[in-house]
Amino acid sequence: APAPPPAQHLFSDPAEVEALRGNLLAWYDKCKRDLPWRTLAATEPDADRRAYAVWVSEIMLQQTQVATVIDYYNRWMQKWPTLQALAQASLEEVNELWAGLGYYSRGKRLQEAARKVVSELASRMPRTAEDLQKLLPGVGRYTAGAIASISYGQATGVVDGNVIRVLCRLRCVGADSSSPAVIDRLWDMANALVDRSRPGDFNQALMELGATVCVPKAPLCGECPVKQHCQARRRKLFGKPVPVPDVEDCGVGGCPLCPPATEPWDSSLGVTNFPRKAAKKQPRVARTATCMLERRGCHGAPEYLIVQRPSSGLLAGLWEFPSLPLAQGLQEEKQREVLADHLRAWTGQPVAAGGLRFIGEVVHIFSHIHQTYVVYSLPLDGDVILDPALSPSRWVTEEEFHAAAVSTAMKKVL
Ligand code: SF4
């Protein structure tokens, strides 16, 4: 087993832990934001219904801001107020409601998991973090801990981006906070700290602190309810960590949780020395040609052809204008030719490369891809018979396009 970390990085004093819990919970009771899933979790007597609401909100909140999620969450719960209702929804409906929220596989897996609970678990949610993670697709360690603590009162911790930041600052953890060794230590800390009688509130309080007070760039340390327990703040004020007997074990090399010797404490950064992350990988650069095939609909309004993407991979199952990934460095003339070839399959008739009108370029940043859409349009005379042997395709008006399961990137293209 690895040696325990030096005391600077631990919560080893029971009296301090008690005080920290009390201060944090008192602050949460007074200052917490009113959020619809919190209201439901606090008022709903049925534990499985609470769990469903927490689950939906937590999946939506992954990589998405609270302000954006509220509207999606309300619409979702109105349409599918229970797990059983969601289990009966079609993937198309789920994608339509999810459109614009990003990371579309989240919605798909949520619905798959709801079906699994209904069909294989007799509609009973697993009730511990371990079982939730083991039995439900798309439910990771964090989501499982959140559902189990908030809905079923299990005294188990959670570690998300906000908690990582708060814990790293509270205990001066400056090693790469995305490394498995540090993440494991943070889970140990979260599990040790969580309040035994109010675990759900405690976890939400810790996350809330990270979201509203201990924010990434300019934390409001003066207003922080746990400032007297914060080693980073102490270090900023007094220039050194709290004097604990084995503090000399830290910072002089060898401590797995201290900043690396090559990047020591930077006094101009103060508490924002923590957390630290290894440099991010640059996103992959990609170019895609896309074409808006346009025809006059029966009332004279323009209609556009959209086609469905494959059921796995990026933007799985969503609809888009016919598109084609482009090889790097392809000349404009060649781009038109390959796109015209591609369109021939959809229209069932020859498409002249020269007839494609270049509209412009649209850049969209996915988490790991810097995508440029090279946008063309092509007005069509006469009708086009869509080939049912190809991927699903359909003509839509602009209004129908916006209501369809299309990505934010395609809305930009339109
Ligand atoms: Fe974060 Fe400052 Fe509070 Fe420490 S004192 S936990 S750095 S807000």
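Fair warning: this is a prediction, and the values are worked out from it, not measured in the lab. Just follow the structure's listing: the first ligand is 1, and inside any ligand the first atom is 1.
Closest heavy-atom approach to atom 1 (Fe) of ligand 1 within the set Cys221, Cys214, Pro219, Pro225: this belongs to Cys214. Across Gly210, Gly222, Cys224, Ala218, heavy-atom proximity to atom 3 (Fe) of ligand 1 is greatest for Cys224.
Those atoms of ligand 1 with a heavy atom of Arg233 less than 4.0 angstrom away are 5 (S). Ligand-side atoms of ligand 1 in range of Lys227: 5 (S), range being under 4.0 angstrom from any heavy atom. In summary, the atoms of ligand 1 found under 4.0 Å from a heavy atom of Val271, numbered by their order in the structure, are 7 (S).
Contacts of Ala232 with ligand 1, taken as heavy-atom pairs under 4.0 Å, are absent altogether.
In summary, Arg198 and Asp195 do not engage in a salt bridge, as defined by a charged side-chain N under 4.0 Å from a carboxylate O.
Geometrically, Arg106 does not engage Tyr103 in a cation-pi contact, judged by NZ or CZ lying under 6.0 Å from the ring centre and within 45° of the ring axis. Both tests do not hold together for Arg336 against Tyr376: distance to the six-membered ring centre under 6.0 Å, angle to the ring axis within 45°.
Ring-plane geometry between Phe401 and Phe321 is classed as parallel, the angle between the planes falling under 30 degrees on a 0 to 90 degree scale with a further cut at 60.
Atom 2 (Fe) of ligand 1 has no N, O or S atom of Cys230 under 2.8 Å away, backbone or side chain.
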Steps toward side-chain hydrogen bond (donor to acceptor under 3.5 Å, both in side chains) verdict (Tyr152, Asp48): CA-CA 8 Å; Tyr152 300 118; Asp48 281 354; 2.6 Å; yes

